[in-house]
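The basis for the numbers below is simple: all heavy atoms, side chains too, and nothing from hydrogens, waters or symmetry mates. Residue indices begin at 1 and follow the sequence shown.
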Amino acid sequence: MKKTYIVSLISILPLFVISFISLPTTASAEEICSFSTDLEVGSTNEEVRCLQKYLNDNGYIIADSGPGSIGNETTLFREKTRDAVKKWQASMKVYPATGFFGPVSRSVYSL
């Protein structure tokens with residue numbers, strides 16, 4: 001009986017390990033941004049970095065590589081950030097989708 005029990009435990013161990021490894025962690029949790037200013041081309045602050053992370057995490061990729069890419073978000077709001085904001089705005093029905101992240105975009109983000 002003991003031998004059967006050990007064999008049963010060994011056979012389910014890989015399933016347990018796979019389940020454990022795939023659990024979400026707080027490190028991968030999406031960051032919640034708090035926007036207090038309008039963001040547009042030329043803006044430079046930590047809110048831009050948070051916006052870039054949010055956009056990248058939600059499929060509105062700033063850049064495939066280099067500055068603005070996933071894991072390389074910056075504090076610089078430039079044309080690529082504006083273009084990603086435009087895509088996000090269009091998908092969220094924020095019109096006109098100009099790439100300006102102002103009061104309307106902030107209120108839609110906070111929903």
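The minimum heavy-atom distance between Ala63 and Pro67, with the atom names listed, is CB-O, 3.6 Å.
With contacts defined as side-chain heavy-atom distances shorter than 4.5 Å, the pair Leu55/Ile61 does not qualify.
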Quick one: side chains of residues 76-86, donor-acceptor pairs under 3.5 Å with protein atoms, not counting sequence neighbours, listed by atom name and distance.
residue: Thr81; atom: OG1; partner: Gln52; partner atom: NE2; Å: 2.8

Could you give the side-chain donor-acceptor pairs of residues 101-108 under 3.5 Å, partners two or more places apart or in another chain?
residue: Ser105; atom: OG; partner: Gln89; partner atom: NE2; Å: 2.9
residue: Arg106; atom: NH1; partner: Thr37; partner atom: O; Å: 3.2
residue: Arg106; atom: NH1; partner: Asp38; partner atom: OD1; Å: 2.6
residue: Ser107; atom: OG; partner: Pro103; partner atom: O; Å: 3.4
residue: Ser107; atom: OG; partner: Val104; partner atom: O; Å: 2.8

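Ile32 and Trp88 fall within the same hydrophobic cluster, where Ile, Leu, Val, Met, Phe, Trp and Tyr residues are linked whenever their side-chain heavy atoms come under 4.5 Å apart, directly or through other members. Hydrophobic clustering (side-chain heavy atoms under 4.5 Å, transitive across Ile, Leu, Val, Met, Phe, Trp, Tyr) keeps Val48 apart from Ile70. Following chains of ILVMFWY side-chain contacts shorter than 4.5 Å, one cannot reach Phe100 starting from Leu51, and the two form parts of different hydrophobic clusters.
A distance-only check finds no donor-acceptor pair linking the side chain of Asn56 to the backbone of Glu73 [under 3.5 Å].
Remark: Cys50 SG to Asp57 CG distance equals 9.5 Å, nearest 0.5 Å.
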>> I'd like to know whether Asn45 forms a side chain to side chain contact (heavy atoms under 4.5 Å, CB included) with Thr75, so could you lay out the CA-CA distance, the side-chain angles of the two residues, the decisive distance to 0.1 Å, and finally the verdict.
In response: CA-CA 5 Å; Asn45 59 43; Thr75 59; 5.8 Å; no
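Ring centroid separation for the pair Tyr54 and Tyr60 does not come in under the 6.0 Å cut-off.
For the salt bridge (Lys or Arg N to Asp or Glu O under 4.0 Å) condition, the pairs that include at least one residue of residues 39-55, sequence neighbours left out, are Glu31-Lys53, Glu46-Arg49.
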